[in-house]
Amino acid sequence: MSTTPSAKKKPNVVLILNDDMGYSDLGCYGGEIETPNLDRLAKDGLRFSSFYNTARCSPSRASMLTGLHPHQTGVGILTYDSGPEGYAGNLNHRCVTIPQVLKANGYRTYMSGKWHVASSLVKPTDTWPLQRGFDEFYGTIIGAGSFYDPNTLTRGNENVEREAHAEGFFYTDAISDQAVEYIERHARERADEPFFEYVAYTAPHWPLHAHEEDIAKYEGRFDAGWDRLREQRLDRLVASGLLKEHWKLTERDPTQPPWTEAEADAQFRAWTLRCMEVYAAQIDRMDQGIGRILGALEKTGQLDDTLVIFLADNGACAEDIPEDVTIDELVDKLMIARRNTRSGEPVHFGNDTCRMPGPENTYQSYGTAWANLSNAPFRLYKHWIHEGGISTPLIAHWPKGIAEKGGLRHAPGYLPDIMATIVDATGSTYPAEFEGRPIEPLEGQTLLPVFAKDGIERKPMFWEHEGNAAVRIGAWKLVKRYPRDWELYDLDADRTELHDLAAQQPKRVADMARQYDAWAARCGVIPREKIVALMSSQGVTRAFWEKDEPLPATPEAPA
């Protein structure tokens with residue numbers, strides 16, 4: 001069969017999501033990390049400055065894949081059962097996924113990478129990829145793990161963890177290679193059909209695992225330290241036009257030392273620099289794989305009429321390893337680690353400055369100070385709904401569908417828009433019911449008008465995760481860091497959220513809070529206090545995946 005796509009064929013779609021990466025890590029978003037392939041997509045496509053995710057792995061995936069808010073899909077927190085309906089950790093049957101919609105409209109559907117929207121990790125259920133619209137799947141069901149020997153590695157519905165024992169296996173490469181294979185085989189066997197491919201990397205989620213040759217590229221790259229590098233990133237973001245000059249840099253996270261103090265300890269300096277170098281190498285390796293995916297599209301003559309979308313699932317991650325969690329929990333309960341390497345060596349858990357990250361026998365994270373750099377110029381991280389927790393790069397590339405090359409788009413958008421945009425771009429129909437069951441109405445707005453011209457009439461946008469919450473109406477953002485009070489920011493004047501205007505505008509706060517409460521009730525958001533009480537009654541101890549702050553001493557005086 002010819003490998004030349006039919007002129008009448010609907011566009012292909014390649015949706016690429018990465019894991020726990022900050023707003024300003026990519027080269028084309030002001031970072032020091034070498035990402036020539038993503039930079040190329042940005043140069044020949046569009047970059048969005050104000051696109052938002054949902055602050056956490058599973059909820060973001062659930063929202064992006066369904067065009068709904070995560071609570072509507074059954075994935076309110078993670079894929080662990082954290083409460084009653086809406087928080088069961090599984091995609092429910094009131095939602096439909098992008099591959100289910102596109103498959104019903106003539107598309108072949110493929111997935112390579114991290115699933116993380118099913119509570120059953122080892123037994124196939126109706127919440128696994130093949131049961132939710134994918135014709136083929138290769139990847140992990142769990143949300144994190146070793147890059148050398150990942151748990152729950154699955155092909156179709158079959159566990160294939162043994163494949164990780166092949167010489168040279170590395171999960172980031174395996175995700176990329178499978179994505180390439182799908183594209184090339186599709187071109188050989190089904191060239192007249194459009195395809196949807198979802199590529200879900202785990203990089204740069206901890207643990208810090210990377211190839212030595214990739215790490216070596218970044219030796220010395222971060223020696224100026226987090227304070228100076230945060231300033232430089234903001235300068236580049238402003239110079240590129242992504243951010244405005246009057247938006248000021250947030251202060252260094254107050255829990256972290258100034259770089260001059262940190263580098264005075266030679267051992268800590270060497271270790272913490274290595275952490276950032278490995279983190280950079282993880283993103284670098286992902287970008288190399290994206291280059292191979294783009295090469296496969298070019299080789300098969302499909303790049304021009306393929307909509308490629310790239311984004312991240314949440315802001316950078318400030319979690320330390322371990323943080324209120326035992327090795328037994330990591331290995332046996334959460335299934336995100338192994339006790340031993342493939343050769344039988346013990347894995348060393350924890351951010352130990354005596355042990356450099358990178359090899360298979362380590363399990364570490366890069367910590368708060370570097371996450372603060374990754375999210376520059378914003379504050380806070382994954383879990384929270386301040387700009388550092390939900391701001392993501394978004395790159396859209398589609399030569400036949402996007403006329404402008406290298407354009408910037410400042411119109412705000414968020415994850416439910418991805419489904420709406422793909423439905424619009426492919427001429428598909430979002431269903432009112434699916435397989436005889438009613439489906440929740442689509443919550444997102446198509447971005448196709450924004451592809452043509454910046455600016456959009458935007459309905460209010462809402463978020464909630466672990467009690468952290470926000471509503472954005474126009475330039476106004478009402479945001480809460482649970483269990484504290486609401487804060488109010490004018491994002492046109494103050495995108496970095498430095499000047500809380502809540503006390504000056506109580507009527508606006510009250511109106512926006514009322515709209516938030518109505519949305520929360522409609523979408524099944526359970527008040528955080530009820531979730532905490534339920535967990536307490538079940539004897540559940542909060543671990544690193546639960547990021548509550550201590551409750552205030554009195555309701556009137558938040559800590």
Side-chain angles (χ1 to χ4, degrees), residues 11-23 25-29 31 33 35-48 51 53-54 57 60-61 63-65 97-99 102 107 109-117 129 134 136-140 171-184 186 195-205 282-298 302-303 305-314 392-399 401-402 413 415 417-419 421-422 425-426 447 451:
N12 304 312
V13 179
V14 176
L15 176 60
I16 305 173
L17 184 73
N18 84 337
D19 202 352
D20 284 13
M21 186 187 74
Y23 181 81
D25 280 323
L26 300 179
C28 56
Y29 275 81
I33 303 173
T35 52
N37 296 295
L38 287 169
D39 295 354
R40 169 195 171 189
L41 290 178
K43 180 175 179 290
D44 293 333
L46 301 174
R47 282 174 294 170
F48 285 68
F51 200 82
N53 50 51
T54 312
C57 308
S60 282
R61 283 163 171 74
S63 183
M64 182 187 72
L65 284 169
T97 66
I98 294 171
L102 296 191
Y107 275 72
T109 57
Y110 307 96
M111 179 180 172
S112 178
K114 168 178 168 175
W115 183 234
H116 204 204
V117 285
F134 285 102
E136 298 191 46
F137 165 68
Y138 171 79
T140 46
Y171 190 35
T172 302
D173 295 336
I175 292 170
S176 302
D177 293 343
Q178 184 61 73
V180 168
E181 196 275 334
Y182 286 148
I183 291 168
E184 293 179 343
H186 184 94
F195 71 82
F196 169 70
E197 180 171 80
Y198 175 35
V199 186
Y201 288 101
T202 53
H205 196 296
Q282 291 179 301
I283 294 173
D284 189 305
R285 197 71 175 196
M286 174 197 70
D287 186 79
Q288 294 174 43
I290 291 171
R292 296 199 298 278
I293 292 170
L294 298 178
L297 290 169
E298 287 182 304
Q302 299 180 96
L303 182 62
D305 202 16
T306 297
L307 170 58
V308 180
I309 298 172
F310 173 88
L311 71 165
D313 66 346
N314 45 247
T392 176
L394 177 72
I395 301 170
H397 179 276
W398 185 14
I402 298 174
L415 288 181
D417 299 345
I418 299 297
M419 166 74 92
T421 301
I422 291 174
T426 60
L447 298 174
F451 287 179

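By convention here, the first residue in the shown sequence is residue 1. Quick caveat: nothing in here was measured; it's all calculated off a predicted structure.
Ion pairing between a basic and an acidic side chain is recognised when a charged N comes within 4.0 Å of a carboxylate O; Glu298 and Arg292 show no such pairing.
Taking CD1 of Ile98 as the reference point, atom CE of Met419 lies at 5.0 Å (rounded to 0.5 Å). For the atom pair Asp417 CG and Leu447 CG, the distance stands at 5.0 Å (nearest 0.5 Å). Between Ile290 atom CD1 and Ile395 atom CD1 the span is 8.0 Å, to the nearest 0.5 Å. Summarising the geometry, atom NZ belonging to Lys114 is positioned 5.0 Å from atom NE2 belonging to His205; distances are rounded to the nearest 0.5 Å. Here CE of Met286 is found 6.0 Å from CD1 of Ile283. Values are rounded to the nearest 0.5 Å.
Side-chain contact check for Asn12 versus Phe196: every heavy-atom pair is 4.5 Å or farther apart. Two residues are said to be in side-chain contact when any heavy atoms from C-beta on lie closer than 4.5 Å; Thr306 and Val13 fail this criterion. A 4.5 Å side-chain heavy-atom check between Ile16 and Tyr201 finds at least one atom pair inside the cut-off. Contact annotation: the side chain of Ile402 never approaches that of His397 to less than 4.5 Å [non-hydrogen atoms, C-beta and beyond]. Val14 has its side chain within reach of Phe195: a pair of non-hydrogen atoms, C-beta onward, lies under 4.5 Å apart. You'll find the side chain of Leu311 stays beyond 4.5 Å of the side chain of Pro393, heavy atoms only. The shortest side-chain heavy-atom distance between Arg61 and Asp313 falls under the 4.5 Å cut-off. You'll find the side chain of Ile293 reaches within 4.5 Å of the side chain of Ile183, heavy atoms only.
Asp19 approaches Cys57 most closely through the heavy-atom pair OD1-SG, 3.6 Å. Ala425 and Pro11 make their closest contact through O-CG, 3.4 Å (heavy atoms, listed as atom of the first residue, atom of the second, distance).
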### Message
Let's go through Asp287 and Asn37 carefully: what are the C-alpha distance in whole Å and the side-chain angles of both, what is the deciding distance for side-chain hydrogen bond (donor to acceptor under 3.5 Å, both in side chains) to 0.1 Å, and is it a yes or a no?
### Response
CA-CA 6 Å; Asp287 186 79; Asn37 296 295; 3.0 Å; yes
### Task
Go through Tyr198 and Phe137 one step at a time and tell me if the side-chain contact (heavy atoms from CB on, under 4.5 Å) criterion holds.
CA-CA 9 Å; Tyr198 175 35; Phe137 165 68; over 6 Å; no
### Query
Taking it one step at a time, do Ile309 and Ile418 satisfy side-chain contact (heavy atoms from CB on, under 4.5 Å)?
CA-CA 9 Å; Ile309 298 172; Ile418 299 297; 4.3 Å; yes
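Side-chain atoms of Ser60 never come within 3.5 Å of backbone atoms of Asn53 as a donor-acceptor pair (strictly under, hydrogens ignored). Between the side chain of Asp305 and the main chain of Gln302, no donor-acceptor pair closer than 3.5 Å is present.
The aromatic rings of Tyr23 and Tyr29 sit perpendicular to each other, their planes meeting at more than 60°, with 30° as the lower class boundary. By the 30° and 60° cut-offs, the orientation of the rings of Trp398 relative to Phe451 is perpendicular. Between Phe51 and Phe48, the two ring planes are perpendicular [angle over 60°; tilted spans 30° to 60°].
Donor-acceptor pairing under 3.5 Å is recorded for the side chains of Thr35 and Asp39. Checked by atom type, the side-chain pair Thr140/Tyr171 shows a donor-acceptor distance below 3.5 Å.
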